[in-house]
4 protein chains.
Amino acid sequence: MKAPAGSVPPSNESRRHDLVQAAFRGIAERGFEGLRTRDVAADAGVNIATLHYYFPTKEALIRAVIGHAMARFRSTLSPDGGSDDQLASHVRAVRTLMRRQPELGAVMGELALRSARDPGLARIMRKTNEAWHRIIRDLLHQAVRAGSIAPERDSDEAAALIMATLMSMALPSIPATRSDQAIRELDHWLRRPGPRS
Amino acid sequence: MKAPAGSVPPSNESRRHDLVQAAFRGIAERGFEGLRTRDVAADAGVNIATLHYYFPTKEALIRAVIGHAMARFRSTLSPDGGSDDQLASHVRAVRTLMRRQPELGAVMGELALRSARDPGLARIMRKTNEAWHRIIRDLLHQAVRAGSIAPERDSDEAAALIMATLMSMALPSIPATRSDQAIRELDHWLRRPGPRS
Amino acid sequence: MKAPAGSVPPSNESRRHDLVQAAFRGIAERGFEGLRTRDVAADAGVNIATLHYYFPTKEALIRAVIGHAMARFRSTLSPDGGSDDQLASHVRAVRTLMRRQPELGAVMGELALRSARDPGLARIMRKTNEAWHRIIRDLLHQAVRAGSIAPERDSDEAAALIMATLMSMALPSIPATRSDQAIRELDHWLRRPGPRS
Amino acid sequence: MKAPAGSVPPSNESRRHDLVQAAFRGIAERGFEGLRTRDVAADAGVNIATLHYYFPTKEALIRAVIGHAMARFRSTLSPDGGSDDQLASHVRAVRTLMRRQPELGAVMGELALRSARDPGLARIMRKTNEAWHRIIRDLLHQAVRAGSIAPERDSDEAAALIMATLMSMALPSIPATRSDQAIRELDHWLRRPGPRS
DNA sequence: AATGAATGAGGGTTCATTCAT
DNA sequence: TATGAATGAACCCTCATTCAT
């Protein structure tokens, strides 16, 4: 039951996770611009050389943070089943997530910006976004079938609007109050039985 | 006949502008993370010491870029008057601006993120956003009065939704196609005479 | 039944040798400049900590390599007796050794250079060189007695010339062809019965 | 009369030369193994950043040192004309050079070793060596024509022997006394009118 | 006898900034 | 106004070495 040797060096998964967590916080607080490996190591309570023992390069650490952030984010996307109106509950879940973990929002914003200059990251974000888009569209269809919202609109366009609104929460320049208002408006439109009913 | 900002000597205003422009491009292309004063100076065709002659510090240069970007951005916000449906035309104008000047979108995204760590910038963004919000809300009212959209909703909430959608265009992780879909959906909702009419 | 060097515990002699061998190869390929204990350990198939178990310090490992290299080198110097013209056969033997084990030549070059900054190594090299010098001088005398070369010259000077020529083969900047030419010339001079005979 | 701008940045040739000189000394004293840019900068009396102002990378500095060393070395090679026995005087000149500038010898040794791992340097050394070889061979021919040495031997082989002897002086493990003996022997052989006369 | 994990002390390089001209 | 030259402070990364197991 020995750990597999080779090109994936060390184990001690907890220390590894501490470092990723520290880097995550660093990015949330100071952005990629202000991310310093020494700070990360210090924040995780280890020597800078130890950081490089787990992550050969800063880039490798950042990749791990990206994986961590995306996982944390995706876990919210999956509709938790059950309710008759999963769409509304999904939107509320995202809002709650962003409210309760402002760091995650900040990091997602940083990742979004960085994806413009990082093809690998761009690919990841594209895939995640498309998956998210599909989920929302499916939830829309389901809500239409359940009769909780009006059937009239192109579901891709509606899904795009919902996603744009939700993602805008990753921009810290938009005050929480405004985000809530936007979501409330969205919610209202989605809820009503339909314009021409 | 513009007054020179701060205590900086009068100096050549055009050279100043070249530098701001170069820094603006730099931020658009490589983000704050990748902004190097030397690159800016080289891009403007001057020595690095010359840059510091005009802008004593990198921060000062960034302030100037912020001013430049905000001015460039605000000039789009002011409704160009006339038409019966200024709201729709405003939305379209913003989309067109972002499409035609992707640099401006990228920089606005960078500024939005940076505002989380830069109180001065946060204040500027807040003010601009509130002004923009008011403009949109007024356009909504006007559209209601003109009968082109339904009167039923809280105008602050509707304005917040519109702004969220528009601002989401500053996130490069959202493909242009999706942004267009979102805006089309928005447009559709805004255009129709009203849900229950 | 070799006694362990220094205060180091007895330990596995073969593992020890593997490490020395790996370090030897490392020096031959990348010089002292490029010698990394981690590479040595990896090359010997052991953990870096294991290397330090056998050799408390990098210096200690290097000492062992020096011993290894010198032993390997010296074993060629001892004239294999018999022949009437041992000097010529000795020269040929050295040339063959350098040709067949280019690593040994490279390491000897590295050691020669290092001896300028390493008094301990300098002493070793000096002793080896002097022993070698004596051997060659004796072979010269013997050849004179045997009548195979002319008696006329100062044997120390002739020995110095032979050694200089042989040692120059440790310099990789001299192409093998040139070394062969030099040795052929040497051989020729040594062989002939004497200038004025 | 402006200095040419572009990719060959700064001028101040004297500061540049100081740095090369300091690096040269560093290599002579501690070898490539012990060459530290910080030491070089300190030795030249400038900040480490200043060193990188003149040489973007350590490699670039080393290239410059190589150029410097080769130039200094080559200047000795060119026969100074005149005398009837230029060959002997050339050999003496090289010996004198090495004696008076032991640093140059040490650096040449370092370069010779390094050339095994540095193709660019290898090319330089090969060319220099071949040029030197040709010079010596020509001096041999000339000496034969002048009747000062015997005509009998293959001039390439004789030249190779002379060069090997001279280059062996770059190995610090050979004591000066031995080098002198070798050269004296060489000199003696070269001087005599010819073996069979 | 052996190793995974950790570290202190640098090592080369970069960057905003300054200064003399 | 403008610049070549210079610098202090960091930054990422490496390496020999150590320690607990």
Side-chain angles (χ1 to χ4, degrees), chain A residues 2-3 5 9-12 14-16 34-41 44-61, chain B residues 9-12 15-16 34-41 44-62, chain C residues 8-12 15-16 34-41 44-62, chain D residues 2-3 5 9-12 14-16 34-41 44-62:
Chain A
K2 227 174 132 192
S11 54
N12 202 337
S14 114
R15 179 69 31 117
R16 219 186 165 71
L35 185 66
R36 300 289 173 262
T37 52
R38 263 182 168 83
D39 295 347
V40 171
V46 299
N47 185 283
I48 173 65
T50 302
L51 184 151
H52 279 94
Y53 178 72
Y54 287 94
F55 300 96
T57 180
K58 189 185 184 181
E59 254 308 295
L61 174 62
Chain B
S11 72
N12 187 337
R15 174 92 0 140
R16 235 185 143 68
L35 184 67
R36 299 289 172 267
T37 52
R38 269 196 154 75
D39 296 347
V40 172
V46 301
N47 185 282
I48 174 64
T50 303
L51 183 150
H52 276 91
Y53 175 78
Y54 287 96
F55 301 96
T57 177
K58 189 184 186 182
E59 255 308 295
L61 173 63
I62 290 179
Chain C
V8 175
S11 72
N12 187 337
R15 174 95 356 141
R16 238 185 138 69
L35 184 66
R36 300 289 172 266
T37 52
R38 269 199 154 74
D39 296 348
V40 171
V46 301
N47 185 282
I48 174 65
T50 301
L51 182 150
H52 275 91
Y53 175 76
Y54 287 96
F55 301 96
T57 175
K58 190 184 185 181
E59 256 308 294
L61 173 62
I62 289 179
Chain D
K2 229 176 130 193
S11 55
N12 201 336
S14 113
R15 181 67 31 117
R16 217 185 166 73
L35 185 65
R36 301 290 172 260
T37 53
R38 271 185 166 80
D39 296 347
V40 171
V46 300
N47 186 281
I48 174 63
T50 302
L51 183 151
H52 278 94
Y53 178 71
Y54 287 94
F55 301 97
T57 181
K58 188 184 183 181
E59 256 307 295
L61 174 62
I62 289 179

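When reading the values below, keep in mind they use all heavy atoms of this one structure, side chains included, and skip hydrogens, waters and symmetry mates. Predicted model, so just to flag it, every value in this text is computed and none were measured. Within every chain, numbering begins at 1; the chains are lettered A, B, ... in the order of the sequence lines, protein sequences first and strands thereafter.
- D:Tyr53 does not carry D:Arg15 over the face of its six-membered ring by the limits of under 6.0 Å from the centre and within 45° of the normal.
- Nucleotide E:dA20 forms a Watson-Crick or G-U wobble pair with F:dT3, both donor-acceptor distances falling under 3.5 Å.
- Here D:Leu35 lies in heavy-atom contact (under 4.0 Å) with sugar-phosphate atoms only.
- With both pairing distances under 3.5 Å, E:dA1 is matched to nothing as a Watson-Crick or G-U wobble pair.
- Side chain of B:His52, nearest nucleotide from E:dT17, E:dA6, F:dT17: E:dT17.
- Across all strands, A:Arg38 comes closer than 4.0 Å to base atoms (heavy-atom distances).
- The 5' end of DNA chain F is approached more closely, in terms of each residue's nearest nucleotide, by B:Val46 than by the other of B:Val46 and C:Glu59.
- Comparing B:Arg36 and C:Ile48 along DNA chain E, the residue whose closest nucleotide (by nearest heavy atom) sits nearer the 5' end is C:Ile48.
- Atom CG in D:Leu51 sits 5.5 Å away from atom CG in D:Leu61 (nearest 0.5 Å).
- With contacts defined as side-chain heavy-atom distances shorter than 4.5 Å, the pair B:Val46/B:Tyr54 does not qualify.
- Annotation: of the two residues near DNA chain F, D:Gly45 and C:Lys58, the 5′-most nearest-nucleotide partner is D:Gly45.
- Side-chain proximity of B:Asn47 to the nucleotides F:dT17, F:dC12, F:dG4 is greatest for F:dG4.
- Between C:Leu35 and C:Lys58 the shortest heavy-atom distance is O-NZ, 3.0 Å.
- In this structure, CZ in D:Phe55 is found 12.5 Å from OG1 in D:Thr37, a value given to the nearest 0.5 Å.
- If you check F:dA5, F:dT7, E:dA1 against the side chain of D:Tyr53, the one that comes closest is F:dA5.
- Both C:Leu51 and D:Thr37 lie close to DNA chain E; mapped to their nearest nucleotides by heavy-atom distance, the more 5′-ward contact belongs to C:Leu51.
- When distances are taken from the side chain of B:Ala49 to each of F:dG4, F:dT7, F:dT18, the shortest belongs to F:dG4.
- For the OP1/OP2 pair of F:dT1 and a distance below 4.0 Å, the side-chain nitrogens and oxygens of B:Tyr54 include no atom meeting the criterion.
- In this model, the phosphate group of F:dG4 is not approached by any side-chain N or O of D:Arg15 to a distance below 4.0 Å at OP1 or OP2.
- For D:Thr57, the side-chain atoms get nearest to E:dT13 when compared with the rest of E:dA2, E:dA16, E:dT13.
- Here E:dA1 presents its C1' atom at 13 Å from CZ of C:Arg16, a figure rounded to the nearest Å.
- The distance between atom CD1 of D:Ile62 and atom P of E:dG11, rounded to the nearest whole Å, is 14 Å.
- Contact check, B:Thr50 against F:dT3: a side-chain N or O comes under 4.0 Å of OP1 or OP2.
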